[in-house]
Engineer: 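Right, I'll just put the structure down here and ask away after.
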Amino acid sequence: MRFKGTTILFILFVILGGYVYLTEIRGKEERQKQEEAKKKVFQVEQKDISEISLVYPDRTIAAVKKGEKQWEITSPAGLQADSDEWESLASNIPQIDRNDTVAQNAQDLSSFGLKEPPVKVSAKLKDGKTLEILFGSENPKKTYNYAKLANSNDVFLTGSNWSKTFTKTTSDVRNKKLLEFESDDIDGVKIADNAKELEAQKSGDNWQLKKPVDTKADSNEVSSFVSSIRFGRVQSFPEPPVDAKTAGLDSPALKLTLHDGKAKTDRVLLIGKSPEKDKYYARDASREAIFIMDKEIPEKARRPLFDWRDKTIVKLDREKLEKVEIQRGSENISLLKSGSDWKLADGKKVQFDKVSGMFNTLDFEKVKEIVDMPKTLAAYGLDKPKLEVSFREGSNDPIRVQFGSDSKTPEGIYLKSSDAPAVKVVSKDVFDKFNVKPEDIAEAPPAPPTPSTPPLSPADKPKS
């Protein structure tokens, strides 16, 4: 009977808890939402807004929604819209709040700045209804704006931020992207700078230079360049507008072509004259609008060839390396992989930090200069290299790296690897990491144990 009574009490407790939750907690949340909704000027959802007009004393800017999130500017005509900006405006309209009413059916709107309002926002809905709000001047404390609806002379207060939110220039709401594309879709880059050309093609995740030399590209640099165009924005639009000849775009000095592999088309950015310091006229070849951009992208495009190249000293797979041989004249040092350790030919273990430092310098150090068409190897001290290092990965042919004479400009040492015809200049630190003797890199033998002192015999103990 006691168990039955406890069960009934538990059920009553659950019912009471549910009642409290529904009436107090959840009910309170619902009441708060209703109170907040009452403070909104318009009971509308963003998705139902199909047209927006921003009316100012000297101009009107308007756009109509096309598709799910695409917008088209209708006034002034002929301009492409910044759809993200118009979506932001549409999302803000349902959020406009209404505070205290300061005048009912006001006869004199001029005292509130509403006779000729600086901003009027009109939104047309999918069902044909139109919502309009007029923003006037700020209240004396400058904490609110006076506002009213188009079909009423009741003046109320609303946050001063709303008037600023809907105050836009034509430039603010028009398309300011330099080119329209997604970075991952680009598989080709061409830079035509007057008579100079640079071309790169993507293969998997890596980039390969094709012009002016066929070699590996610095994939991070090429990808970064593509991204800078993808996220670059127009700085301004010339007022009054200029024609292509005035802007130097009838025969542009700089032409950037990105091949969109997904769309199977070229995205072309034309860059012309400089209207002022650090700025350039430019346009998307698929659009008529001429705009002004800053110097970042033109300067990146005009960097020397070396900046675009892969500056890796030599590419090794450390996991597959089994043997390293260092040849200095007649002296030879062999390092053999043993599990996770490296050992010398005589079985002595190599210091971990020493061998790790050798590989790290190849992974992280970059070449300082690349000579694509080297003279005779003797000109770089590579006919009789002062040091040669051989790396073996399994059954593959070893990759050999030779160090030659010192380079003065840039400062370093000449190097040549067997996997490329070019001669490179690297830091002397790279040479120093491999210019070692066995005793420099072998682990020191463990110290012999300290002999323990035998206990004193009774005869040797001091007498008290």
Side-chain angles (χ1 to χ4, degrees), residues 39-66 69-99 101-139 142-176 234 236-237 239-241 289:
K39 293 180 180 179
K40 303 302 181 187
V41 174
F42 302 120
Q43 303 300 313
V44 64
E45 293 187 35
Q46 175 186 347
K47 63 182 179 63
D48 294 326
I49 298 174
S50 60
E51 294 182 31
I52 298 175
S53 295
L54 307 175
V55 182
Y56 310 104
D58 60 341
R59 69 193 190 282
T60 295
I61 304 174
V64 60
K65 194 170 187 179
K66 298 285 187 180
K69 290 186 178 181
Q70 298 301 312
W71 289 78
E72 179 182 299
I73 293 177
T74 54
S75 178
L79 304 181
Q80 285 196 331
D82 182 336
S83 293
D84 292 340
E85 188 68 33
W86 285 98
E87 275 291 289
S88 177
L89 290 170
S91 70
N92 278 310
I93 289 173
Q95 304 303 319
I96 302 172
D97 59 328
R98 177 173 184 156
N99 290 279
T101 298
V102 296
Q104 292 184 330
N105 195 24
Q107 299 302 306
D108 181 14
L109 294 173
S110 58
S111 60
F112 302 104
L114 289 166
K115 186 174 182 179
E116 295 181 0
V119 187
K120 181 173 80 170
V121 179
S122 175
K124 189 172 182 180
L125 308 183
K126 292 178 180 179
D127 61 7
K129 293 180 181 178
T130 299
L131 310 175
E132 287 188 341
I133 182 171
L134 291 68
F135 295 99
S137 56
E138 290 184 312
N139 68 339
K142 299 188 180 300
T143 53
Y144 293 97
N145 267 98
Y146 296 114
K148 75 178 218 57
L149 300 180
N151 58 358
S152 170
N153 274 5
D154 290 350
V155 179
F156 56 88
L157 295 175
T158 188
S160 60
N161 60 302
W162 293 118
S163 177
K164 298 181 180 69
T165 296
F166 293 101
T167 300
K168 300 290 183 182
T169 64
T170 304
S171 179
D172 290 336
V173 296
R174 65 186 296 188
N175 187 359
K176 294 180 287 297
V234 171
S236 63
F237 294 90
E239 290 293 344

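Predicted, not measured: the structure shown is a model, and the values here were computed from it.
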Engineer: Lys65 side chain to Lys47 main-chain N or O, any donor-acceptor pair under 3.5 Å?
Structural biologist: no
Engineer: Please check: side-chain N/O of Ser75 versus main-chain N/O of Ala62, any donor-acceptor pairing under 3.5 Å?
Structural biologist: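 No, because the side chain of Ser75 does not come within donor-acceptor range (under 3.5 Å) of the backbone of Ala62.
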Engineer: Distance-only criterion, 3.5 Å: show the donor-acceptor pairs between side-chain atoms of residues 154-166 and protein atoms not counting sequence neighbours.
Structural biologist:
{"unit_1": "Asp154", "atom_1": "OD1", "unit_2": "Asn105", "atom_2": "N", "d": "2.6"}
{"unit_1": "Thr158", "atom_1": "OG1", "unit_2": "Asp97", "atom_2": "O", "d": "2.5"}
{"unit_1": "Thr158", "atom_1": "OG1", "unit_2": "Asp97", "atom_2": "OD1", "d": "3.2"}
{"unit_1": "Trp162", "atom_1": "NE1", "unit_2": "Asp97", "atom_2": "OD1", "d": "2.6"}
{"unit_1": "Thr165", "atom_1": "OG1", "unit_2": "Asn161", "atom_2": "O", "d": "2.9"}

Engineer: Check Glu87 against Trp71 and note the closest heavy-atom contact, atom names and distance.
Structural biologist: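 Heavy atoms of Glu87 and Trp71 come nearest at OE2-NE1, 2.9 Å.
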Engineer: Any chance CD of Gln95 has more than 12 other-residue heavy atoms, nucleotides or ligands included, within less than 6.0 Å?
Structural biologist: yes
Engineer: Where the side chain of Ser50 meets the backbone of Lys124, is there a donor-acceptor pair that is under 3.5 Å apart?
Structural biologist: yes
Engineer: How long is the straight-line distance from NZ of Lys69 back to OG of Ser83, given to the nearest 0.5 Å?
Structural biologist: 10.5 Å
Engineer: Counting distance only, does the side-chain N/O of Tyr56 pair as donor-acceptor with the main-chain N or O of Ile61 below 3.5 Å?
Structural biologist: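 A pair under 3.5 Å: no.
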Engineer: Report the distance from atom CZ of Arg59 to atom CG of Leu54, rounding to the nearest 0.5 Å.
Structural biologist: 8.5 Å
Engineer: Between Asn153 and Ala106, is there a donor-acceptor pair closer than 3.5 Å when you use the side chain of the first and the backbone of the second?
Structural biologist: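 Yes.
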Engineer: Could you list the donor-acceptor pairs under 3.5 angstrom formed by side chains in residues 128-138, with sequence neighbours left out?
Structural biologist:
{"unit_1": "Glu132", "atom_1": "OE2", "unit_2": "Ser122", "atom_2": "OG", "d": "3.4"}
{"unit_1": "Ser137", "atom_1": "OG", "unit_2": "Phe112", "atom_2": "O", "d": "3.1"}

Engineer: Working to the nearest 0.5 Å, report the span between CZ of Phe42 and CG of Asp48.
Structural biologist: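 Rounded to the nearest 0.5 Å, the CZ-CG separation comes out at 14.0 Å.
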Engineer: If you compare all heavy atoms of Gln46 against all heavy atoms of Pro94, which two are closest, and at what distance to 0.1 Å?
Structural biologist: N-CG, 3.9 Å
Engineer: What I'd like to find out is whether the side chain of Asn145 reaches to under 4.5 Å of the side chain of Val119, using heavy atoms alone.
Structural biologist: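 No, too far: nothing below the 4.5 Å cut-off.
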Engineer: Can you give me the closest heavy-atom contact between Arg174 and Asp82, atom names plus distance?
Structural biologist: O-CB, 3.3 Å
Engineer: Nearest 0.5 Å, what's the OG1-CG distance between Thr74 and Leu79?
Structural biologist: 10.0 Å
Engineer: Pro118 and Gly113: which non-hydrogen atoms are nearest, and at how many Å?
Structural biologist: CD-O, 3.7 Å
Engineer: Taking all atoms of both residues into account, what is the closest heavy-atom pair of Ile73 and Pro76, and its distance?
Structural biologist: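 For Ile73 versus Pro76, the nearest heavy atoms are CG2-O, 3.2 Å.
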Engineer: State plainly whether the residues Glu85 and Lys176 are in salt-bridge range, i.e. N to O under 4.0 Å.
Structural biologist: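 Answer for the salt bridge query: no.
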Engineer: Would you say that more than 12 heavy atoms from the other residues, nucleotides or ligands in this model lie under 6.0 Å from the CD of Glu239, or not?
Structural biologist: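 Yes, the 6.0 Å shell around CD holds more than 12 heavy atoms from other groups.
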Engineer: Could you tell me the separation between the CD1 atom of Ile49 and the CD1 atom of Ile93, rounded to the nearest 0.5 Å?
Structural biologist: 4.0 Å
